[in-house]
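Chain letters run A, B, ... following the sequence lines, proteins first and then strands; every chain starts at 1.
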Amino acid sequence: MLENIVSTGKKSTREGFGAGLHVVGQQNPNVVALCADLVGSLKMQAFINEFPDRFYQVGIAEANMMGIAAGLATAGKIPFTGTFANFSTGRVYDQIRQSIAYSHKNVKICASHAGLSLGEDGATHQILEDIGMMKMLPGFTVINPCDYNQTKLATIAIAEHQGPVYLRFGRPGWPIFTPEDYKFEIGKAYQLREGSDVSIFATGHLVWFAVEAAKTLAAEGISCELINIHTIKPLDEEAVLDSVSKTACAVTAEEHQMHGGLGDSIAQLLARKMPTPIEYVAVNDSFGESGTPAELLNKYGLGIANIVSAVKTALERKK
Amino acid sequence: MTDISKLKDIASQVRRDIVRQVYYATCGHPGGSLGCTDFLTALYFGIMEHDPAFNMEGKGEDVFFLSNGHISPLFYSVLARAGYFDIKELATFRKLDSRLQGHPATHEGLPGVRVASGSLGQGVSVAIGVALAKKMDGDNKNVFVLTGDGELQEGQIWEALMFAAHHKVDNLIATVDWNGQQIDGATKDVMSLGDLPAKWEAFGWEVLYMNGNDMQEVVDTLKEAKRRCGNGKPIAIMMKTEMGYGVDFMMGSHKWHGVAPNAEQTEVALAQLSETLGDYPYPYEQ
């Protein structure tokens, strides 16, 4: 039931990463961590305190960090790199492409402060292109969990997964609404609620907004199927197609550019397998700016009201 | 005692392999490959403890990384001659469905290659990663990496040098192919490297020198570098080489950086290099 999806408190997804990293440190002696001068921001201190010999401070040198991670993976370690999403991707794209992706290295690139919701630091840091860049790399897994619990579980899951992973999370405190102990499966969509009129596919912070939007729409008699696509690549095609075969229209929601994000992945799948009206809630070919997370998400069209209106447009189009 | 004359014989065959690979592919990078032949031959046949059965992780072995991946014809020849794969496969260099890509890659599963290289400036970082893992695992073997000198214009190199000194990665031996040439001309004209040894020293490395085209000196210097490992500092070797060494008309010029010789030039080149171990057959036969 939609009413049962409630926030049990607020914590940032990056705190979920820090907690998950600490757990995998305890579970697997091959896990090592690297950070480019952002230990506090990435919440890596618990891991460092317990495993100081398995942590490397790299300084402000992200390219070198990616190369070292590739080397550690070559020798059988499972390196987790930590820095902001912008510096985890665009800044070091060629290093990731050649030394990690093309070379099949088991590196976990863990990226905080993704999207507009990092807030006041502004557009230099608000990367909105990272999902697109990373999903284009052959063999890369791309995960964008939605809350503290899911980020913690995803962090634990990627340590067990053989292959390069991009794990994307964020800065602000955010409602916690997924269970803390369910079996998180990479590549397996998480259905929050069944519905019949429209499928909402959301990732990251915007999953919570999709929940809120669905509540508003339910009051108007519109039944939304809510699906949390935490793994953008590989996409759970079966879950998407099953849902759309029932609802016949879709809305995607993400804190990312419209070009290259989750919406594009879903649209590409539907265009090939099941042509369907689809509306995007995403940033429309624009950089961000300074402001509070709430102000920014609102201004750039990523608010709850934007999802509500996208659903109504999608419903109109399927008539 | 390392048998210098035997190493020279291998190097002569490796140089033949380089010329023939590039000729048959009609492209590739002979200049730097020929210049670094003595170094890589000495490393694989006289210095490193390594297993041609090839294990990616390289535990308990000395490990080498080629950062300047464009000198792949040299790398492939040495790996094949050392037993990592059949020398017949050298005939597939740069051809469709080959494991011998234009620049080294792991993607096709070629034994002996541990990371892709070609986009410059990345190999020292990767080598550091393996060196750190060896320290964590109590593995006392060393990690070697070769970079070009033009490659040092990449900023990532200097990030890596800072890290290696700061974290005392003293099981790492980096060699610079100091031939003073790059694609567009002499390094001093394209982008001056300044006082290169002083820069490495200032970054906290212990610096050695050698003439990379004198086999005895190469072997002695590499042994000395190995001896100095474990003293709290990473080791760098400034290796003076001549691009194109061993083929008179290719020597001392950047013009043969990335150009294949024609049939006539190939004949002239091969006449200067004795066939000591037997040429690989061409074309490729299963």
Side-chain angles (χ1 to χ4, degrees), chain A residues 25 28-37 51-81 83 87 91-109 137-140 162-164, chain B residues 55-61 63-65 67 69 101 103-110 113-139 141 143 145 147 154-169 171-172:
Chain A
N28 191 332
N30 281 324
V31 168
V32 296
L34 304 103
C35 187
D37 197 29
F51 309 107
D53 297 338
R54 284 154 55 192
F55 170 75
Y56 295 99
Q57 174 59 264
V58 181
I60 310 164
E62 297 82 8
N64 186 41
M65 177 164 73
M66 293 304 165
I68 292 174
L72 286 161
T74 300
K77 303 297 176 189
I78 306 171
F80 281 62
T81 68
T83 182
F87 314 139
R91 187 180 181 94
V92 291
Y93 197 59
D94 184 51
Q95 283 78 14
I96 295 173
R97 182 177 178 275
Q98 173 172 286
S99 292
I100 296 173
Y102 183 41
S103 296
H104 302 275
K105 298 305 179 195
N106 190 25
V107 174
K108 315 303 171 186
I109 297 173
L137 291 170
F140 240 91
Q162 180 66 37
Chain B
N55 173 288
M56 176 59 82
E57 295 184 3
K59 288 194 200 301
E61 295 180 69
V63 168
F64 169 74
F65 286 96
S67 190
Q101 293 293 297
H103 294 81
T106 62
H107 193 69
E108 293 77 17
L110 186 69
V113 182
R114 290 191 165 86
V115 77
S117 59
S119 176
L120 296 170
Q122 301 184 27
V124 180
S125 303
V126 179
I128 288 170
V130 175
L132 293 175
K134 284 197 178 297
K135 281 178 172 284
M136 269 187 272
D137 293 341
D139 175 349
K141 294 294 187 291
V143 180
V145 59
T147 78
E154 292 282 6
Q156 184 183 346
I157 292 277
W158 304 95
E159 296 180 2
L161 298 199
M162 236 185 289
F163 180 100
H166 179 88
H167 287 280
K168 299 184 169 56
V169 187
N171 53 346
L172 175 65

Undergrad: Checking the side chain of B:H167 only, and the main-chain atoms of A:Q57 only, is there a donor and an acceptor separated by less than 3.5 Å?
TA: yes
Undergrad: Using heavy-atom distances under 4.5 Å, tell me whether B:E108 contacts chain A through its side chain, its backbone, both, or neither.
TA: side chain
Undergrad: Verify, without hydrogens or angle tests, whether A:K77 (side chain) and B:A133 (backbone) share a donor-acceptor contact under 3.5 angstrom.
TA: no
Undergrad: Do any pairs count as a side chain to side chain donor-acceptor pair (under 3.5 Å) and have a residue in residues 58-71 of chain A, sequence neighbours left out, and if so which ones?
TA: A:E62-A:R91, A:N64-B:S125
Undergrad: Does any backbone or side-chain atom of A:D94 lie under 4.5 Å from a heavy atom of chain B? Answer side chain, backbone, both or neither.
TA: both
Undergrad: Measure distances from A:V92 to the heavy atoms of chain B and classify the residue's part below 4.5 Å as side chain, backbone, both or neither.
TA: neither
Undergrad: Looking at B:K59, I'd like to know if its NZ atom is crowded, meaning that more than 12 non-hydrogen atoms belonging to other residues, nucleotides or ligands lie closer than 6.0 Å.
TA: yes
Undergrad: Looking at chain A, which one of B:I128, B:L132, B:T106 has the largest number of heavy-atom pairs inside 4.5 Å, strictly under?
TA: B:L132
Undergrad: According to side-chain contact (heavy atoms from CB on, under 4.5 Å), who are the partners of B:K141, at least two apart in sequence or on a separate chain?
TA: B:E49, B:D62, B:K134, B:D139
Undergrad: A side-chain contact here means heavy atoms from C-beta on lying under 4.5 Å apart; do A:Q98 and B:V115 qualify?
TA: no
Undergrad: Taking the side chain as C-beta and beyond, is there a heavy-atom pair between A:T74 and B:M56 under 4.5 Å?
TA: yes
Undergrad: Got a donor-acceptor contact below 3.5 angstrom from the B:Q122 side chain to the A:G67 backbone?
TA: no
Undergrad: Does A:L72 reach the side chain of B:V130, with side-chain heavy atoms less than 4.5 Å apart?
TA: no
Undergrad: Select one option (side chain, backbone, both, neither) describing which atoms of B:A127 are under 4.5 Å from chain A's heavy atoms.
TA: neither
Undergrad: Of all of A:Q95, A:R97, A:K105, which one pairs up most often with chain B through heavy atoms under 4.5 Å apart?
TA: A:Q95
Undergrad: Could you grab the distance from atom OG of B:S119 to atom OH of A:Y102, nearest 0.5 Å is fine?
TA: 12.0 Å
